Amino acid sequence: MTIPWMVGAFILVLTPIVLIHELGHFWAARLSKIRIEEFGLGFPPRAKKLGERNGTVYSLNWIPVGGFVRPAGEDDPTVPGGLAAASKRARVFVLAAGAGANFLLAIVLFWIAALTGPSPDESRVAIGEVIPGSPAALSGLQVNDILLEVNSLAADNFESVKAQVEANAGQPIPFTVERDGERVELTITPRRPGEYDPSSEGAIGVVLTHPLTTSLNPVKAAVSSVETTFNIVRLTVSVPAMVVRGQLSAEEARPVSIVGISQIAGQAAESTASTGNWGPLLQTAGFISVALGFTNLLPLPALDGGRIFFVLVEAIRGRRVEPEREGMVHLVGMLALLFLMLLMIVQDIVNPIIPF
């Protein structure tokens with residue numbers, strides 16, 4: 001994976017995802033009769049005014065990163081027809097619509113991936129890699145084996161498999177797998193903590209993955225796409241607890257910047273270009289879209305979720321937080337987020353997600 005692939009993926013993958021997010025805000029504002037002062041393609045400085053309609057300026061900007069929506073009266077409730085002057089329900093709708101658009105985009109991308117080629121079956125767990133000399137290798141577990149049961153319990157997700165393995169460290173436990181259409185019974189003894197390096201492998205020495213399925217029919221593909229989107233959100237929420245339990249290392253759970261995301265998207269784009277299989281690129285774009293939507297809903301200042309939090313506080317206390325005070329909170333939050341983003345960018349350059 002090279003820098004040109006990163007740059008190309010940034011423009012072709014990340015830019016449309018951010019643009020869809022802003023379009024979600026735009027259409028929700030239109031439906032809510034909230035006036036939009038400007039809708040821009042890319043970020044300022046402005047390169048060209050494309051036109052004006054219904055009081056909204058449409059512009060083309062020099063920085064090719066998605067786009068932006070500037071509603072009237074975003075922080076000033078005295079502006080008629082502005083965002084801050086709208087009802088609490090309308091404000092929450094507009095603020096949440098960006099993330100909602102990202103979730104819908106992800107479902108569409110996963111759906112297309114399921115229709116156009118092999119895609120991961122999220123309801124089953126398979127063996128993607130077996131570490132030589134590990135308990136799994138010594139037991140005869142093989143790559144592409146599909147896990148059916150672990151310790152007599154259904155192995156239908158990564159978390160349940162890891163939980164059974166870690167809860168029975170040092171004890172032989174039965175594994176039932178499907179191999180070439182046949183059931184195979186194995187016994188594996190997970191290693192105890194201290195007997196292996198958790199930063200590089202797990203207790204039995206395997207990498208779990210989802211088996212590939214053929215192109216689903218449209219209805220099943222749609223159901224699978226919704227499940228995939230939900231599972232990504234569920235897994236993201238559970239990451240902190242998984243780190244505490246030792247199921248994920250700090251390196252595996254580290255947040256990534258736009259540089260790291262571009263690396264991941266670049267690798268997927270390169271894979272698609274070399275194999276002709278659009279699945280990796282579509283699935284990666286879907287994952288990024290979910291991640292962007294979920295992150296924006298976090299109740300942090302300056303993010304959509306932070307602004308929604310203030311609306312909820314207003315609903316509970318019966319009166320609005322002073323606009324000046326809320327604006328100061330968002331300003332401080334924005335500065336903190338920019339500083340955090342800078343640190344993450346440096347980290348992804350010094351310690352790249354995918355080595356060059």
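From a predicted model like this one, the values you see are computed outputs, not experimental measurements.
Under the rule for a salt bridge (charged side-chain N to carboxylate O under 4.0 Å, His left out), Glu227 has no partner lying at least two apart in sequence or in another chain. Taking Arg91 as the reference, Glu314 meet the salt bridge (charged side-chain N to carboxylate O under 4.0 Å, His left out) condition, with sequence neighbours excluded. Legend: residues meeting side chain to side chain donor-acceptor pair (under 3.5 Å) with Asn144, ordered by chain and number and at least two apart, are absent. Residues satisfying the ring-ring contact (aromatic ring centres under 6.0 Å, His included) test with Phe294, not counting sequence neighbours, are none. Residues passing the ring-ring contact (aromatic ring centres under 6.0 Å, His included) test with Phe68: none are found, sequence neighbours excluded. With sequence neighbours left out, the side chain to side chain donor-acceptor pair (under 3.5 Å) criterion links Glu38 to Arg46, Ser59, Arg70.
Nearest heavy atoms, Thr209 versus Ile127: CG2-C, 4.1 Å. Closest non-hydrogen pair, Leu337 versus Ala302, comes out as CD1-CB, 4.2 Å. Annotation for Ser139 and Leu186: closest pair O-CD2, 3.5 Å, computed over non-hydrogen atoms. Heavy atoms only, all atoms of each residue included: Gly24 and Ala97 are closest at O-CB, 3.2 Å. When all heavy atoms of Pro77 and Ala84 are compared, the pair lying nearest together is N-CB, 3.6 Å. In terms of heavy atoms, Pro280 sits closest to Ala268 at O-CB, 3.7 Å.
For residues 231-282, no residue pair satisfies the ring pair (Phe, Tyr, Trp, His ring centres under 6.0 Å) rule, not counting sequence neighbours. Within the structure, ring pair (Phe, Tyr, Trp, His ring centres under 6.0 Å) pairs that include any residue of residues 25-46 comprise His21-His25, Phe26-Phe39 (at least two apart or interchain). The side chain to side chain donor-acceptor pair (under 3.5 Å) pairs that include a residue from residues 326-337 are Glu326-His330, where partners are two or more places apart or lie in different chains. Identified under the ring pair (Phe, Tyr, Trp, His ring centres under 6.0 Å) test for residues 143-172, with sequence neighbours left out: Phe158-His210. For residues 221-242, no pair satisfies ring pair (Phe, Tyr, Trp, His ring centres under 6.0 Å), with sequence neighbours left out.
Without hydrogens or angle criteria, Thr236 side chain to Ile232 main chain gives a donor-acceptor distance under 3.5 Å. Between the side chain of Asn61 and the backbone N or O of Leu41 there is at least one donor-acceptor pair closer than 3.5 Å. In terms of modelled atom types and a separation under 3.5 Å, the side chain of Asn54 and the main chain of Thr56 share no donor-acceptor contact. Ser225 places a side-chain N or O within 3.5 Å of a backbone atom of Trp111 that can act as its donor or acceptor partner. Formation of a donor-acceptor pair under 3.5 Å by the Glu195 side chain with backbone atoms of Arg192 is found in this model. Between the side chain of Asn168 and the main chain of Gln164, a donor-acceptor pair closer than 3.5 Å is present. Using modelled atom types, no side-chain atom of Thr284 and backbone atom of Leu281 make a donor-acceptor pair closer than 3.5 Å. Judged by distance alone, with hydrogens and angles left aside, the side-chain atoms of Asn151 form no donor-acceptor pair with the main-chain N or O of Leu153 at under 3.5 Å. Checking side-chain atoms of Asp145 against main-chain N and O of Leu141 turns up no donor-acceptor pair under 3.5 Å. In this structure, the side chain of Ser224 does not engage the main chain of Lys220 through any donor-acceptor pair within 3.5 Å.
At a threshold of 4.5 Å between non-hydrogen side-chain atoms, the residues Val79 and Asp76 count as touching. Contact annotation: the side chain of Leu297 approaches that of Ile308 to within less than 4.5 Å [non-hydrogen atoms, C-beta and beyond].
By the 6.0 Å contact criterion, CD on Glu182 is open, its count of non-hydrogen atoms from other residues, nucleotides or ligands being 12 or less. No more than 12 heavy-atom neighbours from other residues, nucleotides or ligands sit within 6.0 angstrom of CZ on Arg89. Residue Asp180 qualifies as open at atom CG: its count of foreign heavy atoms under 6.0 Å is 12 or below.
Here the rule is side-chain contact (heavy atoms from CB on, under 4.5 Å) with Val321, and of Arg319, Arg317, Glu324 only Arg317 fits it.
Rounding to the nearest 0.5 Å gives a distance of 7.0 Å between OG of Ser257 and CD1 of Ile349. Here the CG-CD1 distance, from Asn102 to Ile107, works out to 11.5 Å after rounding to the nearest 0.5 Å. Between the CG atom of Leu105 and the CG atom of Leu23 there is a distance of 10.5 Å, given to the nearest 0.5 Å.
In this structure, Leu340 belongs to a hydrophobic cluster whose other members, linked by side-chain heavy atoms under 4.5 Å apart, are Met344.
A salt bridge links Asp348 and Arg254; the closest N-O separation between the charged side-chain nitrogens and carboxylate oxygens is under 4.0 Å.
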Open item on the list: Arg191 vs Ser134, test: side-chain hydrogen bond (donor to acceptor under 3.5 Å, both in side chains). Steps then yes/no.
Closed with: CA-CA 9 Å; Arg191 293 171 291 196; Ser134 66; 5.5 Å; no
